[in-house]
**Student:** 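Before I ask anything, here is the structure I am working with.
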Number of protein chains: 2
Amino acid sequence: MSVKMEDVARAAGVSTATVSRVLNNPDLVSDDTKQRVMDAIQQLDYKINLAARSLRTNQTRTIAIVIPTISEPVMNELVEAVEDVAVQENYTLLLCSTRGNPEREQAYIRLLTQQTIADGVLYLSPRAAPDVVRQLLDGPAPVILCNYSLDDTATPSVMMDHVSSIQQTTAYLLSLGHRQVALLNLSAPHYYPARMRHQGFENAFAEIGLTPDPILIKELDQPTYEHDEWQDTIHQLFDLPDPPTAIVAFNDMVALQVYAVCRQRGLRIPDDISVTGCDDILSASHVEPALTTVRIPAREQGRIAMQYLLKMITQPEASINSLTLIPVELVTRESCTVPAG
Amino acid sequence: MSVKMEDVARAAGVSTATVSRVLNNPDLVSDDTKQRVMDAIQQLDYKINLAARSLRTNQTRTIAIVIPTISEPVMNELVEAVEDVAVQENYTLLLCSTRGNPEREQAYIRLLTQQTIADGVLYLSPRAAPDVVRQLLDGPAPVILCNYSLDDTATPSVMMDHVSSIQQTTAYLLSLGHRQVALLNLSAPHYYPARMRHQGFENAFAEIGLTPDPILIKELDQPTYEHDEWQDTIHQLFDLPDPPTAIVAFNDMVALQVYAVCRQRGLRIPDDISVTGCDDILSASHVEPALTTVRIPAREQGRIAMQYLLKMITQPEASINSLTLIPVELVTRESCTVPAG
DNA sequence: ATGTTTAATGTAATCGATTACATTTTATGA
DNA sequence: TCATAAAATGTAATCGATTACATTAAACAT
């Protein structure tokens, strides 16, 4: 059928061992034979059979990335960064996007644990319960966990500083004098970033000895990544007898929903209401007024996580920081000002 | 080392052939033995070795998707749709994003042709020259081509109707009475969508017996997917002695750049200038005024392309439409009106 | 009861590389 | 020149499944 190593060997007048060496350890072969083998490979248009190689070496040179979605700006940047490292290091990337669907996440985990499919797994912002996540950790491939906490294990993880992100936006608003500050947050059960961002909100208040008004904290369980459903919630906030003077959105997409509602109600940002987001997506700077938000170095996180993972694969014995926290940075634009009156 | 089929066989008191049958052809095995084998698998936590299977069956159950970027809304939706089909059909998805970089595209093609890595390839919006693309087509795996034309081969392709998209926005502006209509287009050498969208622009004029003013056609060679560089070009248009009354952007991101420039210059959309985009990304409807654009059913394209590809894999003899053209739909919003004066 | 078909299982070759170990060739030193 | 070390290459076992073919057991017909 297809040309195999044996054919190349025959054509070059050597053994398959030598052909294999030309491919994997060229230094062990004399220049002369090397050339002959290369020519034969060229001539016959030989393509190595990766399955056979994998079977023998027990390596796939594939990394799996498990990620809730690739449609969000932060996520797709991260994936691209990961892929860049993969390409550079001659790995191939298996995309496992779970769409925030725990069943699908479970299915992918089953796949990745039950079968020798990838040399390593990058597991991003899981939404699954801890015991599901642990199944993967107990699997054969090394795993790097991003944006998830599993207190009791020593799994290496690379985290964005989610706490700090919302803490910074909130603190900024508080420093402008706002006290009626609302929070729009996600509340999917095991979604670490949402929990941490909430934490940041509380922290900012605590820092100046206050507590946020619970009535101004809105948490929506949003499995999908559709954002239109936030508008009702936002209207509710404005309909309050004592409405917020500032709104902290847990991400930019939701902040833009606030913009939309304000437009509907004829409210002016920032004069009538201050708004902050998080993530610094492209539209954050394009929108009018430009949105104050937090820059999340997604590419950097992807790069670091991937580099760690590759290190775990190639040097299983080497120690790795079990926790890397990536700092984030407040970007002040025009969507906030001192409270009216 | 790890538990293999032989161990399961021993534990269940059968031969490996039977274990294999339980996994692949359960009907050939008696209920009794089947149960025993399943128990043993469970007991031993047996995980099949995919490399071994692939070696034997010559199948990888992997599809590779080659795509310029996953950071554009149209693209990431398409990828997700493709992945949905893959998951459903028990395939795994290899992500090969080329970042609009022909060298990287070339490298991926080499990988995909030189090695038995995927059972099929989805090749989206290539930017490479025809002979590079042909290398892939000559490779071992079946390929579906999206948004590319290679007149002389009978490669099955699934195309978005790029011509029609811009033709519709342009025709719409013309029908409103605009004559000074500018085009902002991409001009990467082998990028089919850009060529076709330009075509649509010309067609719309031709339909009413006119020709567009060449001075109003701006084509930017933009290898990356950064869009900020358009602003200079847009300013140039407005600085013309006889500036356009309407601007046709080849996609929504660029249309939003027009919005930004208008804001800078104090021009009002649509009163001072009408603007259209293409793709109907999320911000198109969120922006103020909402953008008139063209809805591109990216998910559908992904789904169809993937289904065709799987058909080619499972039924190599079956005939497949060599060209599928997916219709697109004009979405009129508030960014256009009749020309002033 | 016996021959014949069908169902269930086993035996062993095979897929195509890698690599430990053995062997041959070449280089080096006294 | 010859012994010995180093370099180059070859031989064959091995990775872990699948599956053609062979065999045995069960079901059925007459």
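In the text below, chain A, chain B and the rest are named by the order of the sequence lines, each starting its count at 1.
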**Student:** Would you say the side chain of A:Arg127 lies within less than 4.5 Å of the side chain of A:His190, judging by non-hydrogen atoms?
**Tutor:** no

**Student:** Take the protein atom CG of A:Asn25 and the nucleotide atom P of C:dT19, then report the distance between them rounded to whole Å.
**Tutor:** 8 Å

**Student:** Quick one: A:Lys4 NZ to C:dC15 C1', roughly how many Å, whole number?
**Tutor:** 7 Å

**Student:** In whole angstrom, give the distance that lies between atom CD of A:Gln59 and atom P of D:dC15.
**Tutor:** 17 Å

**Student:** Closest approach to the side chain of B:Ser20, judged atom by atom: which nucleotide of D:dA17, C:dA17, D:dT18 is it?
**Tutor:** D:dT18

**Student:** Please work out if B:Ile48 contacts a base, only the sugar-phosphate, or nothing of the nucleic acid, heavy-atom cut-off 4.0 Å.
**Tutor:** sugar-phosphate

**Student:** Does any donor atom in the side chain of A:Arg53 or A:Asn58 lie under 3.5 Å from an acceptor atom in the other side chain?
**Tutor:** no

**Student:** Send over the distance from A:Arg10 CZ to D:dT9 P, rounded to a whole Å.
**Tutor:** 19 Å

**Student:** Round to a whole Å and report the spacing from CG of A:Leu55 to C1' of D:dG16.
**Tutor:** 5 Å

**Student:** Hey, is A:Arg104 close enough to B:Glu83 for a salt bridge, meaning N to O under 4.0 Å?
**Tutor:** yes

**Student:** Summarise protein proximity over nucleotides 4-14 of chain C in one line of letters, 5' to 3': B for base, S for sugar-phosphate only, - for none, counting protein heavy atoms closer than 4.0 Å.
**Tutor:** ----SBBBBBB

**Student:** What I'd like to find out is whether the side chain of A:Val132 reaches to under 4.5 Å of the side chain of A:Glu105, using heavy atoms alone.
**Tutor:** no

**Student:** Does D:dC15 have OP1 or OP2 sitting under 4.0 Å from an N or O in the side chain of A:Asn58?
**Tutor:** no

**Student:** Report the distance from atom CE of A:Met38 to atom OG1 of A:Thr33, rounding to the nearest 0.5 Å.
**Tutor:** 11.5 Å

**Student:** Assess whether atom CD of A:Gln43 is packed by more than 12 heavy atoms of other residues, nucleotides or ligands within 6.0 Å.
**Tutor:** no

**Student:** Could you measure the distance from the CE atom of A:Met5 to the CG atom of A:Leu44? Nearest 0.5 Å is fine.
**Tutor:** 12.5 Å

**Student:** Examine D:dC15: is either OP1 or OP2 under 4.0 Å from a nitrogen or oxygen in the side chain of B:Asn49? Give yes or no.
**Tutor:** no

**Student:** Whole-Å distance between D:dC15 P and A:Arg53 CZ?
**Tutor:** 19 Å

**Student:** Measure from the side-chain heavy atoms of A:Thr57 and tell me the nearest of C:dT19, D:dT18, C:dG16.
**Tutor:** C:dT19

**Student:** Figure out the CG/P separation between A:Leu23 and C:dT18, and round it to whole Å.
**Tutor:** 7 Å

